[in-house]
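Supplied in structure tokens, the structure appears directly below.
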Amino acid sequence: MKDISNYSVFTWLMHFLTLLVSSFVIILVLTGAHERMSVQIISSMNQELVQYADTTAKQVRNILTASTYQNFFNQSVTSLRRNSEISNFGIVQAMRVLNSFSSSSSFIESVYVYNRKKNFIYSTKDATSQTCQDFFDQDAVKIFTGRKSPSNELLYRGNVYSFIVCETDSDNFCENAMMVNLDSDAFNQLYYGYSKDECFLYRRSNNSIVYADKTLADINSAHPIIAEINYSKNLSGYISLQEKGKKTAYIYSYLPDPQLYYVRKINFDELNVQLKNFRYLSIELIGIIIAGWILVSILIMIRFYIPLKKVVTTLTENSSKEKEDLFLNNLDEWVQGAAENKKEYLKTLKEEYLKQLLVSALPENHSIKDSFSKYEIQLNPAKPVFILLMSAESLPEFKDFNDSHFEEVCYIFEKVKINGLNVFVLQLEKVTTRYIFFSHILEKMPTIICCSDLIVDWRKMRRSFTRLQELYAMHIFYPETKVFFETLLDSHKKESNYPEELENKLFHALKMNNEQEARQYFEEIISFLTSYRYTTIVFGLKRLYLMLTSLYRKMLTIEENAQLKFDVDYISAIIEQAENLEQVKDIYFELFRHICTMTGEILTSRHKKISEQVKLIIEEQFKNPQLSPAIIAEQLQFSDTYISKIFKSSEKISIADYMNEVRLKHSLRLLRETKMTIKEITDRIGITNSQYFFVLFKKHYGISPAKYRSDC
């Protein structure tokens, strides 16, 4: 008895001392690794900065290239840059497109279009369009005329960046071109604000600080980080300095398109605070582990050594029957608990092994049969299987099916849960019965079912499971379908495409305040995208949402923009979490309503302004007998049909009727205040036919001009 007690105490002390020594070693390692961890963190930050710089540059270049080429090949702009003879109306149409493109982004300053045949440059800046010799931006003229093939280049020209697209002749010289000028300050800010740390942008070519936090205003060309950038051959790196009694690190990375270096300042003290906090947290965890080990040791003594002591006591002292029964009960209870723990352990191992089959490749020398036997998996590894992916927690029991044809069907399955979805690995005795099987599942529990093809090689389960996950994500785009088979993906187009023509029609409908038509085009876009794979569908919806929010932001004030929280991450989460397609559509339709509301207000204001210009021209030129809607439209550089429609909508009267009202109003004054004849009055107010004036006057006022004069 004494030996057993000593053995239990000795074992407990050994457990505790082993844990104590291990904890002490861990604390020493953490304490001695601070500096090395600091360097590793800075290196990691530098890699993160390099990746950010590269990704941002590519994204900005792709967006800029796509929008520039879209306008470059616009029909009106194409006529402007290719034709030597183009009507005023054609020029007005093309300039309207260019002005719309120029105002599409806050950092686009102006757009130039070069026509070599005419030796002419059209510009959106202050409506200045002149011959190359007289054009105000001679630097741009030299680029258009003095270089070979400057297409697809982003050039830095002092206070602007210029992105150039051109078509070349047989000698590889610019035949015609378009230059998009980007405000350098606004453009540089696209790359700025990567983190909350102090940052600045540096241009090596002219040794200047382009953009900097106020806290870094004292940075100049003599600063060590500038010297490091200028003399180092690396495009990214870092240095550590001692500044104002504090250790500081600067990391930098090169941005290729704006030709700038992005520099970030990091305070070592903040890193040390984080490392110290980590150390303290580790010590706390070690303390918890020690307390846990003490508790486990006590439980070991209670559950093992004390019952063992009772066994020895019973055997040596020939205890009573009551004590024997108590010992046997305790022993049975201990054995049952051990069996339950083993069963739970095997269940966990089985689930983890099934997950391994579904999400990763197995080694070539791995024996699936041995693993099935080891983990008590009921499936036969020599037979093919199906994978079912669905939200239901279980399959209906066999006895619940009342179909006489279904009596011959036998099946076994194993279930595992991955990413919140239930995955059933299913074996059917007869593969031909799977359609009956699915129909009964849907009859008993309406749910979405995604079924794989028949899997003969268990090592290829990962591919089918990946495709099923894509199918399940796609199910919201097929609201009438309940069972999805893996083969459905093979009927979908793999290459990426996007219905730009439908998008343009949708945007035109929104700009014309036609929400119903915009909804119809959106339905057509959804129908078009669903013929592609899931990633293409989501990319198309995200792109459309980005374009819509961009259009909406342009209509808002700065304060309203600041309150707008919707972005691409928002719509991505909506699509991923949506239970049906209507939830996705509601987000877009809500945005349509906001845009149409703003568009209506803008159109009303614009139409009112045009109507006021028409009225002003009539008031000033009513004496001209040739004055007509066509002449007024020409002065305003619109079509007569367009201004007639706008004026009628805004003023509830036609332009011709309004001209007659103005002329008749002035005739009243002449009849009252002068002794001019009717012929003289008609000539004075721009009406050449006296008889027509008489009919018009009587129609409006109910009396003849002579009667009106006599009554006055």
| task | Verify the distance criterion only: is there a donor paired with an acceptor across the side chains of Asn176 and Glu167 at less than 3.5 Å? | result | yes

| said: Closer than 4.0 angstrom, basic N to acidic O: yes or no for Lys615 and Glu612? | reply: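 Salt bridge between Lys615 and Glu612, a charged N being under 4.0 Å from a carboxylate O: yes.
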
| request: Verify, without hydrogens or angle tests, whether Glu470 (side chain) and Tyr534 (backbone) share a donor-acceptor contact under 3.5 angstrom. | output: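 Yes; judged by distance alone, with no hydrogens or angles, the pair exists.
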
| task | Tell me, please, whether Phe73 has Arg81 positioned over its six-membered ring: NZ or CZ under 6.0 Å from the ring centre and within 45 degrees of its axis? | result |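 Output yes; distance and angle both within limits.
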
| task | Starting at CZ of Phe144, measure out to CZ of Phe135 and round the result to the nearest 0.5 Å. | result | 7.5 Å

| query | Does the pair Tyr521 and Glu503 meet the rule for a side chain to side chain donor-acceptor pair (under 3.5 Å), with working shown? | reply | CA-CA 8 Å; Tyr521 287 128; Glu503 182 191 80; over 6 Å; no

| query | For the atom pair OH (Tyr114) and SG (Cys174), what is the distance rounded to the nearest 0.5 Å? | reply | 7.0 Å

| Is a side-chain N or O of Thr124 found less than 3.5 angstrom from the main chain of Val111, in a donor-acceptor match? |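 Yes, because the side chain of Thr124 sits within donor-acceptor range (under 3.5 Å) of the backbone of Val111.
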
| message | Working note: Asn119 + Gln133, criterion side chain to side chain donor-acceptor pair (under 3.5 Å); need CA distance, chi angles, decisive distance, verdict. | response | CA-CA 9 Å; Asn119 192 32; Gln133 293 83 354; 3.1 Å; yes

| Asn88 CG: over 12 foreign heavy atoms closer than 6.0 Å |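 It does not: Asn88 CG has 12 such atoms or fewer within range.
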
| Do you know the tightest heavy-atom contact between Arg96 and Gln637? | NH2-O, 4.0 Å

| message | Is a donor from one side chain sitting under 3.5 angstrom from an acceptor on the other, for Asn181 and Ser162? | response |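 Side-chain D/A pair, Asn181 to Ser162: present.
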
| query | Could you give the distance from CZ (Phe528) to CG (Asn497), rounded to the nearest 0.5 Å? | reply |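 With rounding to 0.5 Å, CZ (Phe528) is 4.5 Å from CG (Asn497).
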
| said: For Asp640, is there any backbone N or O sitting under 3.5 Å from a side-chain donor or acceptor partner on Ser644? | reply: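 Confirmed, Ser644 side chain pairs with Asp640 backbone.
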
| request: Examine distances only and state if a side-chain atom of Gln138 and a backbone atom of Cys132 form a donor-acceptor pair shorter than 3.5 Å. | output: yes

| For Glu523, does the CD atom sit with more than 12 other heavy atoms under 6.0 Å from it, leaving out its own atoms? |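 Above 12, so yes.
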
| said: Whether the Tyr161 and Asp183 side chains hold a donor-acceptor pair (N or O, under 3.5 Å, no angle test) is what I'd like checked. | reply: no

| Inter-residue atom distance Ile226.CD1 - Ile229.CD1, 0.5 Å rounding |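 Interatomic distance, Ile226 CD1 to Ile229 CD1, rounded to 0.5 Å: 5.0 Å.
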
| Tyr252 ring center within less than 6.0 Å of Tyr250 ring center |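 So the answer is no for these two rings.
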
| request: Identify which one of Tyr552, Phe589, Tyr588 satisfies the ring-ring contact (aromatic ring centres under 6.0 Å, His included) criterion when paired with His594. | output: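 So, applying the ring-ring contact (aromatic ring centres under 6.0 Å, His included) to His594 and each of Tyr552, Phe589, Tyr588, only Tyr552 qualifies.
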
| request: Please determine, by modelled atom types, if Gln613 and Gln635 share a side-chain donor-acceptor pair under 3.5 angstrom. | output: no

| task | May I ask you to decide if Glu601's main-chain N or O and Ser605's side chain share a donor-acceptor pair within less than 3.5 Å? | result | no

| said: Under a 3.5 Å distance rule, please check whether Ser650 uses its side chain to pair with a backbone N or O of Ile646 as donor and acceptor. | reply: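 Pair absent, no side-chain N/O of Ser650 close to backbone of Ile646.
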
| field | Distance-minimising heavy-atom pair for Leu541 and Leu529 | value | N-CD1, 4.1 Å

| task | Please work out which of the three classes, parallel, tilted or perpendicular, describes the rings of Tyr642 and His607, given edges at 30° and 60°. | result | perpendicular

| request: Please tell me if the side chains of Ile143 and Leu155 come closer than 4.5 Å, counting only heavy atoms from C-beta onward. | output: yes

| said: Between Tyr112 and Asp137, does the side chain to side chain donor-acceptor pair (under 3.5 Å) criterion hold? Intermediate values first, please. | reply: CA-CA 10 Å; Tyr112 301 160; Asp137 191 348; 3.0 Å; yes

| task | Start with the C-alpha distance between Lys117 and Glu175, add both sets of side-chain angles, then the distance that settles salt bridge (Lys or Arg N to Asp or Glu O under 4.0 Å), and finish with yes or no. | result | CA-CA 8 Å; Lys117 291 181 180 179; Glu175 185 69 26; 5.5 Å; no

| said: For Lys505, is there an ion pair with Glu501 - N to carboxylate O distance below 4.0 angstrom? | reply: yes

| request: May I have the step-by-step check of side-chain contact (heavy atoms from CB on, under 4.5 Å) for Tyr261 and Ser253, ending in yes or no? | output: CA-CA 6 Å; Tyr261 283 87; Ser253 181; over 6 Å; no

| said: Any side-chain to backbone donor/acceptor pair from Thr549 onto Leu546? Under 3.5 Å, distance only. | reply: yes

| request: May I ask you to decide if Lys645's main-chain N or O and Ser649's side chain share a donor-acceptor pair within less than 3.5 Å? | output: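 Such a contact is absent between Ser649 side chain and Lys645 backbone.
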
| query | Considering only heavy atoms from C-beta outward, does the side chain of Phe120 approach that of Val113 to under 4.5 Å? | reply |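 The answer is no, as the side chains (C-beta and beyond) never meet within the 4.5 Å cut-off.
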
| Is a side-chain N or O of Asn230 found less than 3.5 angstrom from the main chain of Arg204, in a donor-acceptor match? | no

| task | To the nearest 0.5 Å, tell me how far Leu502 CG sits from Leu506 CG. | result |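 Rounded to the nearest 0.5 Å, the CG-CG separation comes to 8.5 Å.
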
| request: Check whether any side-chain heavy atom of Ile571 lies under 4.5 Å from a side-chain heavy atom of Ile574, and answer yes or no. | output: yes

| field | Side-chain touch Leu64/Leu182, heavy atoms, less than 4.5 angstrom | value |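 Yes. Closest side-chain heavy atoms under 4.5 Å.
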
| field | 4.5 Å side-chain heavy-atom contact, Met178 and Phe72 | value | yes

| query | Is the NZ or CZ atom of Arg543 positioned over Tyr498's six-membered ring, under 6.0 angstrom from the centre and within 45° of the axis? | reply | yes

| field | Stepwise side chain to side chain donor-acceptor pair (under 3.5 Å) test for Thr131 and Asp134 | value | CA-CA 5 Å; Thr131 62; Asp134 299 328; 3.2 Å; yes

| Salt bridge flag under 4.0 Å for residues Glu524 and Arg519 |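 No, no charged N to carboxylate O under 4.0 Å.
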
| Does Ser104 reach the main-chain N or O of Phe101 with its side chain, forming a donor-acceptor pair under 3.5 Å? |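 Answer holds: yes.
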
| Between CG of Leu98 and CD of Gln93, what distance do you get to the nearest 0.5 Å? |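 Reported value, rounded in 0.5 Å steps: 12.0 Å.
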
